[in-house]
K.L.:
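Below is the structure I would like to discuss, written out as structure tokens.
Residue numbers start from 1 in every chain, and the chains themselves are labelled A, B, ... in the order their sequence lines are given, proteins ahead of strands.
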There are 2 protein chains.
Amino acid sequence: MTQSKTDPRVLRTRRLIMDSFIELSAKKEFKDITIKDITTEAMINRATFYYHFEDIYDLLEKALSEVLLVNLNEDVYKTDKLNEEAFIRIFTAITNFQKSLSNRCHRGYEDTIARIIREQLEIIFYKMLVKQSTTEDKEASKINAVILSWGIYGASVEWKRKGMTIPPENFFKPSIPYLLSGIDYGS
Amino acid sequence: MTQSKTDPRVLRTRRLIMDSFIELSAKKEFKDITIKDITTEAMINRATFYYHFEDIYDLLEKALSEVLLVNLNEDVYKTDKLNEEAFIRIFTAITNFQKSLSNRCHRGYEDTIARIIREQLEIIFYKMLVKQSTTEDKEASKINAVILSWGIYGASVEWKRKGMTIPPENFFKPSIPYLLSGIDYGS
DNA sequence: TTCAATGTGTTGTATATACGACATATCGAT
DNA sequence: ATCGATATGTCGTATATACAACACATTGAA
């Protein structure tokens with residue numbers, strides 16, 4: 001809210017960099033992508049890259065966060081209550097994300113990616129929990145968000161381990177009653 | 001040759017502006033397109049527009065020149081000799097250009113467009129004539145280029161007036177012997 | 001007519017980007 | 001181990017773009 005709108009040049013450049021990175025990720029492994037590759041593809045100067053990102057890992061992080069966030073926002077914020085439908089939407093968004101990553105080659109960076117997913121999940125869960133919590137106990141919401149993010153990410157890993165073939169909603173549905181019973185203070 | 005390569009920011013911005021203009025031309029008449037429309041679509045500042053173009057007519061001119069030039073370069077420079085094939089390529093490029101313009105609405109600017117086409121044609125003809133002329137008479141080449149540009153543009157207007165239905169090569173072929181006889185000094 | 005709204009074109013200043021140079025690190029070949 | 005080639009990260013400076021403000025023209029409605 002306090003953020004004054006950012007310079008259009010910045011938005012433009014970040015978009016160019018991120019798009020180029022995603023483009024290149026489809027062709028090469030992450031470890032073979034150089035900063036020069038990215039900036040050449042994006043037609044921006046190499047020094048400009050460092051104006052926006054610490055290094056290539058920082059870019060990976062922010063690019064993935066953004067992609068995931070777009071997925072989540074498209075699917076989730078249609079319903080702002082954390083009910084059965086919302087859980088299924090979120091879980092499906094994550095499995096979609098996992099599927100899209102499994103095409104690209106990010107070998108050796110699974111941990112980074114896992115952390116990014118959990119962080120984004122935590123943010124979203126926290127927002128939704130605070131919004132619908134009747135008490136003012138934000139600490140509890142924070143911890144619950146952590147637990148939910150780890151738990152649901154874990155479920156997506158298990159889904160992946162089973163071959164990514166089971167429809168996400170079928171795989172996940174059995175656990176929903178348990179998850180809902182824990183958080184449904186209101187009503 | 002003497003041009004040192006231009007700043008990538010300039011290329012980027014010009015492309016954004018031109019693409020936005022072409023985009024908007026598909027939706028609105030030229031007279032209803034404002035500078036603000038263009039710069040908003042291109043996501044650049046209005047003042048930046050004036051850094052690159054005198055006004056909207058200047059943009060029209062340069063945008064059309066570029067589109068035409070791309071058409072011509074794609075088709076023409078495969079053969080660098082001004083023979084029957086080259087004439088047909090050029091004439092076809094122009095009729096294609098006329099067709100693409102007839103969809104968009106540039107009512108009231110036909111004269112401007114005509115001038116742009118002739119200017120581009122003249123440049124190309126002049127280059128080719130000088131290249132293949134055995135004598136060093138550049139003045140003659142210049143005048144011949146003028147004559148050819150007006151003549152061939154006129155033919156394309158006639159082709160348009162007849163409904164743009166006749167295949168350009170059929171329409172134009174009968175005149176080629178005459179045109180070739182005039183310029184074929186060499187050999 | 002008058003007035004408000006909108007478009008045009010210009011100017012001064014702040015900031016993002018381009019560019020070249022540099023030091024350092026990494027890596028593959030000899 | 002050494003060397004050339006290539007990638008990383010940083011810096012200073014030049015320049016293109018963003019932005020707000022301005023004067024002026026055009027337009028349409030009261």
Side-chain angles (χ1 to χ4, degrees), chain A residues 2-64 66 104-109 112, chain B residues 2-25 27-64 66 105-109 112:
Chain A
T2 53
Q3 62 182 358
S4 56
K5 63 184 171 230
T6 63
D7 194 313
R9 289 174 288 185
V10 170
L11 298 175
R12 199 155 53 224
T13 301
R14 291 215 184 117
R15 180 121 320 280
L16 285 169
I17 292 175
M18 291 208 184
D19 287 351
S20 302
F21 175 62
I22 290 171
E23 187 74 20
L24 285 172
S25 294
K27 300 181 204 153
K28 295 188 187 186
E29 290 199 39
F30 176 73
K31 72 174 177 50
D32 294 329
I33 298 176
T34 72
I35 312 281
K36 190 88 184 58
D37 290 337
I38 296 166
T39 57
T40 301
E41 168 99 11
M43 288 195 300
I44 58 121
N45 193 274
R46 198 166 59 85
T48 306
F49 176 92
Y50 292 101
Y51 184 88
H52 294 280
F53 302 97
E54 288 274 329
D55 51 29
I56 203 169
Y57 303 101
D58 186 33
L59 170 61
L60 173 67
E61 190 145 335
K62 287 174 175 157
L64 291 184
E66 214 215 40
R104 322 193 179 287
C105 291
H106 291 295
R107 276 200 295 269
Y109 297 94
T112 303
Chain B
T2 54
Q3 63 183 359
S4 55
K5 64 185 170 226
T6 64
D7 194 313
R9 290 174 288 185
V10 170
L11 298 175
R12 199 154 56 222
T13 301
R14 290 215 184 116
R15 180 122 321 281
L16 285 170
I17 291 175
M18 290 206 182
D19 287 351
S20 302
F21 175 62
I22 290 171
E23 186 74 20
L24 285 172
S25 295
K27 300 183 204 152
K28 294 187 186 187
E29 288 199 38
F30 176 74
K31 72 174 178 50
D32 294 330
I33 297 176
T34 71
I35 312 280
K36 189 89 184 59
D37 290 338
I38 296 166
T39 56
T40 301
E41 169 99 9
M43 289 195 300
I44 57 117
N45 194 274
R46 198 166 58 87
T48 305
F49 176 92
Y50 291 101
Y51 184 88
H52 294 280
F53 302 97
E54 287 274 329
D55 51 29
I56 202 168
Y57 303 101
D58 186 33
L59 170 60
L60 172 68
E61 189 144 334
K62 287 175 176 156
L64 291 184
E66 212 215 41
C105 292
H106 292 295
R107 275 200 297 271
Y109 297 94
T112 303

K.L.:
Between atom CZ in Phe53(B) and atom P in dA16(D), what is the gap in whole Å?
P.N.:
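One finds 15 Å between P of dA16(D) and CZ of Phe53(B), rounded.
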
K.L.:
May I ask you to test the Met43(A)-Leu11(B) pair for a side-chain heavy-atom distance under 4.5 Å?
P.N.:
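Answer no - side chains too far apart.
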
K.L.:
Protein within reach of the bases, or only the backbone? For nucleotides 7-15 of chain C, mark each nucleotide 5' to 3' as B, S or -, using heavy atoms under 4.0 Å.
P.N.:
-BBBB---B

K.L.:
Nearest whole angstrom, please: distance from the P of dC11(D) to the CG of Asn45(A).
P.N.:
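So the two atoms are 16 Å apart, to the nearest Å.
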
K.L.:
Distance-only criterion, 3.5 Å: show the donor-acceptor pairs between side-chain atoms of residues 44-55 of chain B and protein atoms not counting sequence neighbours.
P.N.:
unit_1   : atom_1 : unit_2   : atom_2 : d
Asn45(B) : OD1    : Ala47(B) : N      : 3.0
His52(B) : ND1    : Arg14(B) : NE     : 3.4
Asp55(B) : OD1    : Tyr57(B) : N      : 3.1
Asp55(B) : OD1    : Asp58(B) : N      : 2.9

K.L.:
How long is the gap from CZ on Phe21(B) to CD1 on Ile56(B), to the nearest 0.5 Å?
P.N.:
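With rounding to 0.5 Å, CZ (Phe21(B)) is 6.0 Å from CD1 (Ile56(B)).
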
K.L.:
Looking at every heavy atom in both Lys36(A) and Thr39(A), which two are closest together, and how far apart are they?
P.N.:
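Of all heavy-atom pairs spanning Lys36(A) and Thr39(A), the closest is O-OG1, 3.2 Å.
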
K.L.:
Please find the pair of heavy atoms, one from Ser20(B) and one from Ile38(B), that lie closest to each other, and give the distance.
P.N.:
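Scanning both residues completely, I find the closest heavy atoms to be CB-O, 3.8 Å.
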
K.L.:
Are Met18(B) and Leu59(B) close enough that some pair of their side-chain heavy atoms sits under 4.5 Å apart?
P.N.:
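Yes - at least one pair of side-chain heavy atoms lies under 4.5 Å apart.
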
K.L.:
Check the distance between dT26(C)'s P and Asp32(A)'s CG and give it to me in whole angstrom.
P.N.:
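Distance check: Asp32(A) CG to dT26(C) P gives 17 Å.
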
K.L.:
Just the rounded figure in Å: distance from C1' of dG9(D) to NE2 of His52(A).
P.N.:
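That distance rounds to 16 Å.
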
K.L.:
To the nearest 0.5 Å, how far apart are CD in Glu23(B) and CG in Asp37(B)?
P.N.:
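If we round to the nearest 0.5 Å, Glu23(B):CD and Asp37(B):CG are 12.5 Å apart.
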
K.L.:
Give me the atom names and distance for the closest heavy-atom approach of Leu16(A) to Ala42(A).
P.N.:
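Heavy atoms only, the tightest pair is O-CB, 3.6 Å.
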
K.L.:
If the helix axis at each end comes from five base pairs, how far does the helix from dT1(C)-dA30(D) to dT30(C)-dA1(D) deviate from straight, to 10°?
P.N.:
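Taking five pairs per end, the axes differ by 40°.
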
K.L.:
Just how far, in rounded Å, is C1' of dA16(D) from CD1 of Ile44(A)?
P.N.:
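Distance, rounded to whole Å: 15 Å.
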
K.L.:
Determine the contact category for Arg14(A): base if any of its heavy atoms lies under 4.0 Å from a base atom, sugar-phosphate if only primed atoms, P, OP1 or OP2 are that close, otherwise nothing.
P.N.:
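Answer is nothing: Arg14(A) stays at 4.0 Å or more from every strand.
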
K.L.:
CD1 of Ile17(B) versus C1' of dT17(D): gap in Å, rounded?
P.N.:
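Those two atoms, CD1 and C1', are 11 Å apart.
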
